Amino acid sequence: MAAGPSSLECSSRSRKHRMERWYLATMMSLLLHQIDAAFWQEWRMFQVPGGIQGFLLFNLLAIGVLLHGYRQVVLGLGSARRYALLCGALGIGTALIHAGFAAAGRDEFHLPLSLLTLLACLVSGSGLLLHSRRR
């Protein structure tokens, strides 16, 4: 009779799946935010060199890194935790930066779904950081 997986293996697999789900939620929130950011012309807020062209180049790089990181998480590779920490920090950072802009009186990202997207970045980024800790 073959033995089933140990509780340590099950715990590790469960932790990986939680990290995968939190990563996906954070990445989707960040991607939705970037779609919204194009509407609000975020490159002007940040004075991105090259305007929309610089904004697109930034997103090409950022989305590529997030997708590569998601692959690392799904495959359970050694670099997965580092990518998860980066993605989680980006989610939280995005929400905090825009909260700062709002506190400074900026009126971009004030529509309900814009605010909900930023809240999703904060919540999912926080969840990802919590589920990416070493245990």
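What you are looking at is a predicted structure, and each value in this text was computed from that prediction instead of being measured.
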- Residue pairs fulfilling side chain to side chain donor-acceptor pair (under 3.5 Å) with at least one residue in residues 84-100, sequence neighbours excluded: His33-His98, Glu42-His98
- Message: So, using side-chain contact (heavy atoms from CB on, under 4.5 Å) as the criterion, who are the partners of Leu111 when residues are at least two apart?
- Response: Trp40, Ser114
- Query: Taking only residues at least two apart or on different chains, which pairs with a member in residues 45-63 satisfy side chain to side chain donor-acceptor pair (under 3.5 Å)?
  - Reply: Gln34-Asn59
- Task: Check Ser29 against Ala120 and note the closest heavy-atom contact, atom names and distance.
- Result: OG-CB, 3.4 Å
- Side-chain donor/acceptor of His68 to backbone N/O of Gly64, under 3.5 Å: no
- Measure the OG1-CD1 distance between Thr117 and Ile35 for me, rounded to the nearest 0.5 Å. 9.0 Å
- Task: Please answer: with hydrophobic residues joined when any side-chain heavy atoms are less than 4.5 Å apart, are Ile97 and Leu119 in the same cluster?
- Result: no
- Task: Not counting sequence neighbours, which residues clear side chain to side chain donor-acceptor pair (under 3.5 Å) with Ser126? List them please.
- Result: none
- Message: Please enumerate all residues that pass side chain to side chain donor-acceptor pair (under 3.5 Å) together with Arg44, with sequence neighbours excluded.
- Response: Gln41
- Task: Please identify each residue that fulfils side-chain contact (heavy atoms from CB on, under 4.5 Å) with Arg81, with sequence neighbours left out.
- Result: Leu85, Arg134
- Message: For residues 106-126, which residue pairs pass the salt bridge (charged side-chain N to carboxylate O under 4.0 Å, His left out) check, not counting sequence neighbours?
- Response: Arg106-Glu108
- Test salt bridge (Lys or Arg N to Asp or Glu O under 4.0 Å) applied to Arg82 - qualifying residues, sequence neighbours left out: none
- ring pair (Phe, Tyr, Trp, His ring centres under 6.0 Å) filter on Phe46, not counting sequence neighbours, yields Phe101
- Phe109 and Val48: same hydrophobic cluster, using ILVMFWY side-chain contacts below 4.5 Å? yes
- Would you indicate whether Leu113, at its atom CG, is surrounded by more than 12 heavy atoms from other residues, nucleotides or ligands within a distance under 6.0 Å? no
- Phe39 and Trp43: same hydrophobic cluster, using ILVMFWY side-chain contacts below 4.5 Å? yes
- Item | Residue list, side chain to side chain donor-acceptor pair (under 3.5 Å) with Ser124, at least two apart or on another chain | Thr26
- Passes side chain to side chain contact (heavy atoms under 4.5 Å, CB included), Leu96 versus Ile92? Steps please. CA-CA 6 Å; Leu96 294 178; Ile92 293 169; 3.7 Å; yes
- In the hydrophobic cluster built from side-chain contacts under 4.5 Å, what are the other members alongside Leu75? Leu77
- Under a single-linkage rule joining Ile, Leu, Val, Met, Phe, Trp and Tyr whose side-chain heavy atoms are separated by less than 4.5 Å, which residues share a cluster with Leu31? Met19, Trp22, Tyr23, Leu24, Met27, Met28, Leu30, Leu61, Ile63, Val65, Leu66, Leu67, Tyr70, Val73, Val74, Tyr83, Leu86, Leu90, Leu128
